[in-house]
Amino acid sequence: PSRQRLTAYSAVEYTYSWESCAAYDTIDYYCVRISIRPATGGHSKVTWAASYEAPLHETDKWDEFFRVEFAKSLEKLRTIACTAAMPIAW
């Protein structure tokens with residue numbers, strides 16, 4: 001939605017974070033972190049966390065926005081990982 005910059009990346013820990021460089025709509029600032037951890041049965045658990053600064057009366061709107069938009073991104077990641085048969089060594 002706005003310009004973003006990578007703030008952290010770890011190939012060892014399978015994590016990355018990014019933040020906004022400019023306001024987007026009524027969000028003044030946001031930062032996001034995604035991590036991938038091993039799970040049972042040869043699967044992985046992907047977790048996503050975001051924090052943002054926006055007017056309190058718009059919290060429900062932005063919570064839903066982030067849930068919907070990042071669900072799409074995580075689904076794309078799952079599809080790519082499953083079809084690419086990318087081995088991950090833990």
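If you're wondering where the values come from, they're calculated on a predicted model, not measured in any experiment.
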Requested in this report: Would you kindly confirm whether L6 and V32 end up in one hydrophobic cluster when ILVMFWY residues are joined by side chain heavy atoms under 4.5 Å apart?
Outcome: yes

Interatomic spacing from [atom1] in [X] to [atom2] in [Y] - rounded to 0.5 Å:
X   : Y   : atom1 : atom2 : value
F70 : I34 : CZ    : CD1   : 6.5 Å
Y9  : Y14 : OH    : OH    : 8.5 Å
D25 : F65 : CG    : CZ    : 8.5 Å
E69 : E64 : CD    : CD    : 10.0 Å

Query raised in the report: Who passes ring pair (Phe, Tyr, Trp, His ring centres under 6.0 Å) against Y29, sequence neighbours left out?
Result: none

Report task. Output yes when a side-chain donor or acceptor of T7 lies under 3.5 Å from a complementary backbone atom of S17, and no otherwise. Result -> yes

Report summary line: Between Q4 and C21, the two heavy atoms sitting closest are C-SG, 3.6 Å

Query raised in the report: Shortest non-hydrogen contact from S44 to I36?
Result: CB-CG2, 3.7 Å

Query - Any R37 side-chain heavy atom under 4.5 Å of T15 side chain - result: yes

Query raised in the report: Are any non-hydrogen side-chain atoms of W62 and Y30 less than 4.5 angstrom apart?
Result: no

What pairs of donor and acceptor atoms, side-chain ones from residues 47-55 against any protein atom, are under 3.5 angstrom apart with sequence neighbours left out?
| residue | atom | partner | partner atom | Å |
| --- | --- | --- | --- | --- |
| T47 | OG1 | S35 | OG | 2.6 |
| Y52 | OH | T59 | O | 3.1 |
| Y52 | OH | D63 | OD1 | 2.7 |

